[in-house]
Amino acid sequence: MNHKYVSPYVPRLAELVTARQLTSREKFFEVRLQDGSALGHQPGQFVEVSVFGVGEAPISVSSSPTSQGLGFELCVRDAGSVTHALHELPEGSTIGIRGPYGRGFPLDELKGNDLLFVAGGLGLVPMRSMINYAVDNRADFGRLTLLYGSRTPADLLFADETERWRGTPDFHVATTVDLADGAWTGQVGPITKLFGGVAINPVRTSALVVGPPVMFRFVLKSLLMMGVYESRVYLSLERRMKCGVGKCGHCQIDDVYVCQKGPVFPYTRVRKLPEAL
Amino acid sequence: MKNLDIKVEHVTRVEGHGNIVVKVRDGRVEDARLDIVESPRFFEVMLQGRSWQEASWITSRICGICAVTHSTASLKATEDAFGIVPSAQTVLLRKLLLDGEYIQSHVLHVYFLVAPDLLGVGSVVPLAGTHIEVVRMALRLKKLGNDLCALVGGRHVHPVAMKVNGFTSLPEPAGLASARERLVAARADLDATVELFKTLRIPAFTRETEYLSLKGVDEYPLYDGDMMSSDGYVFKPRGYLESIKETVVPPSSAKHVAARRDSYMVGALARFNNNHGLLHKRAKAVADAVGLSAPCHNPFMINVAQLVETVHCVEHAAETIDMLLGSGMSVEVSDVRPIAGRGVGVVEAPRGTLYHDYTYGADGMITGANCIIPTGQNLANIEADMQGILPGLLGGTEADVAQTLKMLVRAYDPCISCATHSIEVVFDRG
Amino acid sequence: MGLMAIDKRDLSAFIDGLIPQWEVVAPVPVEFKYAFRKVGSFQDVALDYTNTMLPPKKFLLPQRDELFSCNPEGGPSLTPRFDETPRVLFGVHSCDVHGIWLLDDILAEGCSDPHYLCRRSNTLIIGLDCKGPCHDNAFCKDMGTLKPAGGFDLFLTDLGERYAVQVGTGAGTALAERGGFYMADFEVREEFFAAWQKKQSGFPNRIGYDTAALPNILAESYDDIIWEALEMRCFDCGACTTVCPTCYCFDVLDENDIGTDRSIRYRRWDSCQLQDFAAVAGGANFRGKRSDRLRHRLLRKGKYFKEKFGRFACVGCGRCGRSCLLHIDVRDVFNQLKG
Amino acid sequence: MTVRAGVFAFTSCEGCSLITLEVEDRLLEILGRVEFVNFREAIDDKSDDYDIAFIDGAITREHEVGELMKIRERAAILVAMGACAVQGGLYFLKEYHEPGETLAYVYGDKAGQFDTMPVRPVSQYVKVDHSLYGCPIDKREFVEVVTALLSGRRPNIPDYPVCNECRMSENICVFERGLACMGPVTRAGCGAICPSRHVGCFGCRGMVDKPALDQHRAVLTERGLTEEEITARYRMFNGHWGSAHEKP
C-alpha cells in the first residue's frame, strides 16, 4: 500500500552477515542493509535493532564509517529480551534497523587535536568506531591515547584490534582490569589509575569518555586535574532510547532527549543537566 | 480372573487428585475405593474471623470449575443468616449466572473429559485431529457459557460482581440482547450434539440408587427449593444436618456423606430423576431422543443428563434474559445489616447439591462454617457403583477393568479439590 | 477566521448529519462522571458536562497504537498501520482543545509522528465552551486556556438560544456549509463578547502569581525539599499522566500471533512516574528516585515545553489532582514552590 | 516451533488450570503450538518429557515439594501460575490459625492422619522463570506468556499498580464509591477487572516489586479503615508476601 505517510518506527530490513562470540557475554555482528545502501553513520551514533516478534533495542554502531566492509558492525551484550534473541539468531537472519540516530562525536571540532579515548567496559564498542575513524584519518589528528578499563581480562573486547592500535604511529594504549587472573601482567585497578602513566598535552587534547555512569565522575575529575579544557571533554550517555526519534520520553534528561541531542555531549552541556551524571 | 489389584494413581480428566484402588481375591471384591489424595485446604478455618463481605469471595476459591455456584451458595447462606430476601432482579441474574456455569461446566465435562472415552481417544487433543468440527462446536458452546458468566458476574472463574443482596454492577442491556441471540443460535450446535450422542455406546450398567436434589415447584430447580429424595422424603435446607451426615474416611482428605441409605447420588441424573417434569420442552425432547427416561439407574447416563440440562439451561437463559430486558433492570440499593446467627445456603451445582452453612457474630464476622460439596456426597455412591460393576467385569483384562472404572469415576464429573476440606462442625444452636 | 452562529434547535440535525460520514465522538455520562465515547446520535451527548475522566487524546493517541505488522513469510514483510477513520470530536472543552493543540506541535516537531498526524488529519474538532469552573481544583484561567487559540475547526459558545461559532480552519468552514450555520451579525458578536467577559470573571485564579514566572520558579526550585515531601504521597501509579491531556510518552512492544509467526509492533501509553520508566536493559535506572520522577513531571508541565513551544504542557484541567489518591495537585505544588 | 508442556496442580482449586482451556478463541491455535503431554485435568498422557511446566497451586505438603523439584529438573522453563503458586494465595489465611486446631477443626479426631505444613509459594522451593499472576490468572496473559515463550521474548507482564490500568479504563475510582482497594500496591495486568465491576481490588495479583505501602496505608486510613480492616485486606491474598517481610 502506497501511503503518503512514512513511519519512522518501521525499520529497514538487514541481514546478519556474520555473528561471532566475543566474550562470554558479548557477541559481534556484521550487518548489511538489504537494499545495499550504506548506513551513513557518524562515530558515536546508535541504531535501533529489531528482532521481529521480540522487540527493539538501541545499539551503538561499533564500526567506523571509514571501514571497508559492505555493512556495519555491532557488538552486543546479552542483557535483555531483544539482545538475548539477537544472540540466538543464526547468521543470515533478517533483522530490522532504524537509524542511525542521535549525535555522535563532533568530528569537525576534534580535527587537529590530540585525542584521549577513555573507555570503560562496553564503552569500547562505540569508541571503536571513533578510534578506527581516527586511525583511518590519521593525518587529521595529533597524538592518540586509549585508556581502557574492564572488569576482568576475560571481558576485554577487541584484543586483536587493541594490539593493532598499539602498532599505529603515535598511538598509546593502556589497559587495566578490576579483577586480575593469574595470567594478567598489566595494570589492576580503576581506570583512573591509568592517568598517571600517560603523557598528554592538555591544551591540545580532546578527551572522549564512554563508560558506565559510575566511571564518569572520577574520570572527569582526573581529566580536569590534568588540565584538559572542559569544553574539549565529550561524554557518551547511556539511556533508555526506545523510539530514537525524540518522542517516547524514556531517554529524556531534564529537557533534553538523549536520542536527539546525544548520546555524545560536550561536558559543558552535561554540566548544566543535573540529571545527566 | 480370580485375583485383581488395581491402583490408578491420579485419575486423569477429573478435577483434583484421586486414586482408584481395587482388590479382588478369588473372584470376591474385597476393596473398591476412590481415595481422595488432594491436599486438605481448611476453608472452614480460613473463613473464621473474616467478614460477611468476604465470605463468598473466599469460598469461591473452593473450586475453579463451579465458582459461580459456590459464590451463590455462600451469598444465600449469608442472606439466610441476616434475614435478607434478595430482589427478583437479583435472583434472575443469579439464575442466569447459574445457566452460564452449567453450560460451560457440562460442555467441558461432556466434550472434553468424557467424549474422548466414548470416541476412543485419550483426550480432547487427538479429538481435535479426528473430530475437529465436534471440538469447534464444543468450544463455541463453552465460550457461550463463559461469556454469559462474564457478562453478569465479571468472569467465570471466581466472579467479581456477585455480592450479598445484589450485584456490584449490572450487565449492559445490549450485552444481554446479544447473548440472547447467541443462545438461540446455539440450538444448532446442540442439535448436532444430540445427533452425536445418539451414535455413542454408553455402557449398560444399572444399580438402584437414592437420588437427592432440590425440589422444583414451577421451575427446574437449580437456585432454590426444599431438598427431596427419590425415596420419597423431603427436608428443609436449614435442617440438612439432621438428614445427611459427613464422616472422615482416611486416607481420603474428602469426607463421605450419606443420608438414610449407605450412599446417595447428587448431580445431573439425580436432578433429572427427581424433576424431569419441569425441564424445558426442548430439553425433554432431547431426553426422549437420546433414550433418557426417569427413573434411570445407570450412572453412565449422568453425561446424557448433563446434555439434557445444557439444552434446558440454554433455553432458560434466553427466557431469563427476556424477563430482565422486559422488566428493565435498575440499580438497587442493597442494604445489609449483619445480625448474629446461622444461615444455610443450598444450591444445585453442576455436579450436585452444594451446602454452605455459616455462623456469624453480631459484628458480621464468621465464627463457624461448614461446606458440603457434591463430590463428597457422591464418593460413597461411586464406591458402591464400583463394587456393583466389578463382578460383571472380572472376565476382562486388567486394563479393561481399569478403563471402565475410570470411565465410571469420570461419569460422575468429580470435583475433587472441591471436596477436600470438610467435616461436620458442632454449632452452638442454643 | 470568522465568527458564525447556529441556532440551538439546529445543532441536533447538524451532529446527526455527521454520523453517517464520520465516527462522532462526544462526552457522554458515565454514572456521575463523563467520558468521551463514540455516539450513535446527538441525543447521547452530554452538552452540559464537567471534565471527562480521560481527555479526548485517546482518540488521537490510542492506548494501544499498532505501528506495523510483520509477516515473516518471504521476507519478512513489514506493513505500517495507519488509522484513517474519519472522526469528529464534538463537545471538546477549551482546556482539552489546548491539550490537542500542544500535542499537534509536539508530535509534528523534529521527526514527526505520522501515526498521530494521520489520525489528526482525519479528525475534525468541534469545541464547546464550558460555562463555569468544572471543579474546585481546575486552574485553566491561570494556565491561559480559558479560550481556545488553535487546534479546533469549530468552537461553540452558548449564547442562550444559539451558539456563537468560531471557525478555526478551512475544514471548519466546510463543516459550517453543511447547513444551519449563518454569519454572525452584530448582535451575536455583542453577545459572544459579553459571554467571554462573563466567563473570564466567572473563573477564579487559583495560582497565587502570574504563571509567566513559572519556568523560573521551577528552575529555582530544582533542589527544593518539596519534591522529597511529595514522595510520601506518591504511589508510582501513573494515574496523573494517564489522565493528562498533554502526556504522550509511550512504550514500544511486540506481540505475536500464536497461530502464525506474524507479529505486531505497537506502542502503549507509558508514564514517567512509573518506577522503571528510565531503566535500561543492563539494570541501571536513571530516574530511580520517586522525588526525581515527580520533579521531572512538574518541570515538563511548567517549564520545558513553555520554553520550547511558548505554551505550558499543563492546561489546568485539574484531572491529575483529582485522580491522585493522596492529592498531589499540580496547582498546589505550583503554589507551594513560590512559597 | 512447537513445545511440549505440562500443567501440574498442587494445592489449588484448579481454576488456573481451567483457564488454560478457557481461551476458547485461541485454544486450537495454542494446541497447534503447545503439545500438552502431562495435564491430569484434561488428558491421559503423563509424560516426563516436557519443555515448559505450568505450576498451579501452592505447596502445602511434604510430598509436593519432592514432586515440584522433579518437575523443575525436567522442565527448561517453569511458570508459576496463579496466586497460590506465585504468592501462596488465599490458602495462607490458614496460617493465622494454630495448625493443630486447624486440622482438628476440619478432620476432628482423625486429624493425625493428614499431613499439612505451612502454605508456601512455589518459588520457596524452586527457581521460577515466569509468573502468571492473579486468582485466577488472566486468559489474555496466559496467551501472552505462551506466545512470548514460543517467540523467545520476555512476556510483557506489568510491574505497575492496578490504578494505572483502572484509570485507562475510565473507571470511577472505587475509593469514590466508599470502598477500600488494594489497587495502588497491586500488580496490574487484570484490566482492573474488580474496580471495573465496582469492587475494590483484593490484591490477588500480588504486590508490585516495590509497593508504596506507607502511602497505601495512609489512603486507607484517610478513608476510615481501621487497622484491623487494613490488615484483613493485606492478609487476603498477600499473607505470604507479608510474612517474608513483616507479617501484615
Side-chain angles (χ1 to χ4, degrees), chain A residues 1 3-13 34 48 50-58 77-85 93-96 101 121-122 212-214 237-260 274-277, chain C residues 67-68 70-72 75-82 84 106-107 109-118 121 222-223 247-257 261-265 267 270-272 276-287 292 296 299-300 303-305 307-308:
Chain A
M1 179 179 67
H3 210 281
K4 63 176 172 165
Y5 294 105
V6 176
S7 173
Y9 305 114
V10 178
R12 289 187 278 174
L13 298 180
Q34 245 178 28
E48 293 282 350
S50 279
V51 179
F52 296 113
V54 177
E56 200 174 43
R77 176 174 290 177
D78 181 352
S81 206
V82 177
T83 51
H84 181 74
S93 300
T94 305
I95 59 170
Y101 288 128
L122 268 187
V214 285
L237 300 183
E238 181 194 15
R239 284 298 184 275
R240 185 178 176 189
M241 287 159 303
K242 196 97 200 175
C243 74
V245 294
K247 293 288 180 277
C248 78
H250 286 88
C251 71
Q252 195 180 14
I253 48 179
D254 296 300
D255 58 343
V256 169
Y257 280 90
V258 173
C259 71
Q260 299 285 290
E275 286 193 319
L277 294 180
Chain C
L67 301 172
F68 65 87
C70 170
N71 182 354
S77 62
L78 311 179
T79 311
R81 301 220 168 155
F82 292 104
E84 297 175 285
I106 290 168
L107 291 154
E109 176 253 351
C111 177
S112 66
D113 188 301
H115 302 274
Y116 176 88
L117 295 181
C118 178
S121 70
Y222 200 89
D223 297 314
C247 277
Y248 57 90
C249 289
F250 57 85
D251 196 7
V252 184
L253 300 161
D254 277 24
E255 186 180 78
N256 318 81
D257 183 78
D261 283 321
R262 293 176 192 197
S263 60
I264 286 172
R265 181 158 300 161
R267 59 179 169 191
D270 206 338
S271 167
C272 62
D276 292 336
F277 184 75
V280 295
N285 188 344
F286 290 100
R287 207 176 286 114
D292 290 351
H296 183 66
L299 283 164
R300 277 177 72 108
K303 180 173 187 290
Y304 301 153
F305 291 93
E307 288 167 349
K308 192 165 181 179

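Proteins get letters first, then strands, A, B, ... in listed order; numbering begins at 1 in each.
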Counting only heavy atoms closer than 4.5 Å, note whether [X] contacts chain A via side chain, backbone, both or neither.
X: C:L107; result: both
X: C:E109; result: both
X: C:C70; result: side chain
X: C:F68; result: side chain
X: C:R262; result: neither
X: C:R81; result: neither
X: C:D251; result: both

How close do [X] and [Y] get, counting heavy atoms only, and between which atoms?
X: C:P80; Y: A:V10; result: CB-CG2, 3.9 Å
X: A:S7; Y: C:H115; result: OG-NE2, 2.7 Å
X: A:T94; Y: C:P76; result: CG2-CD, 3.3 Å
X: A:G249; Y: C:C249; result: CA-SG, 3.7 Å

Name the region of [X], side chain, backbone, both or neither, that has any atom closer than 4.5 Å to a heavy atom of chain C.
X: A:V82; result: neither
X: A:S50; result: both
X: A:P11; result: both
X: A:V54; result: backbone
X: A:Y257; result: side chain
X: A:C243; result: side chain

Could you grab the distance from atom OH of A:Y5 to atom CG of C:D113, nearest 0.5 Å is fine?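 Spacing of OH (A:Y5) from CG (C:D113) equals 10.5 Å.
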Spacing of CD belonging to A:Q252 relative to SG belonging to C:C272, to within rounding of 0.5 Å: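 Answer for the CD-SG pair, A:Q252 versus C:C272, is 8.0 Å.
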Residues A:K242, C:F277; criterion side-chain contact (heavy atoms from CB on, under 4.5 Å); working and verdict: CA-CA 11 Å; A:K242 196 97 200 175; C:F277 184 75; over 6 Å; no
Could you tell me if the side chain of [Y] sits less than 4.5 Å from the side chain of [X], heavy atoms only?
X: C:D270; Y: A:C248; result: no
X: C:L78; Y: A:L13; result: yes
X: A:Y101; Y: C:C111; result: no
X: C:V252; Y: A:H250; result: no

So which residue, A:A79, A:C251, A:G80, ends up with the most heavy-atom pairs under 4.5 Å with chain C?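 Among the listed options, the one with the most contacts to chain C is A:A79.
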Counting heavy-atom pairs under 4.5 Å to chain C, which of A:Q260, A:M241, A:R77, A:E56 comes out on top?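 Top count of heavy-atom pairs under 4.5 Å with chain C: A:E56.
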Cationic tip of A:R240 above C:F286 ring, under 6.0 Å, 45° of axis: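 Verdict for C:F286: no cation-pi partner in A:R240.
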side-chain contact (heavy atoms from CB on, under 4.5 Å) evaluation trace for C:K308 with A:D255: CA-CA 9 Å; C:K308 192 165 181 179; A:D255 58 343; over 6 Å; no
C:K303 and A:D254 ion-paired at < 4.0 Å: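 Salt bridge: no.
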If you count heavy-atom pairs under 4.5 Å with chain A, which of [options] comes out on top?
options: C:Y222, C:Y248, C:F305; answer: C:Y222
options: C:P72, C:G283, C:S263, C:P114; answer: C:P114
options: C:L299, C:V280, C:D292; answer: C:V280

Residues forming a side chain to side chain donor-acceptor pair (under 3.5 Å) with A:K247, sequence neighbours excluded: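 Scan of A:K247 (side chain to side chain donor-acceptor pair (under 3.5 Å), adjacent residues dropped) gives none.
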Just to verify, what does A:S81 make a side chain to side chain donor-acceptor pair (under 3.5 Å) with, not counting sequence neighbours?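 Counting only residues at least two positions away or on another chain, A:S81 forms no side chain to side chain donor-acceptor pair (under 3.5 Å).
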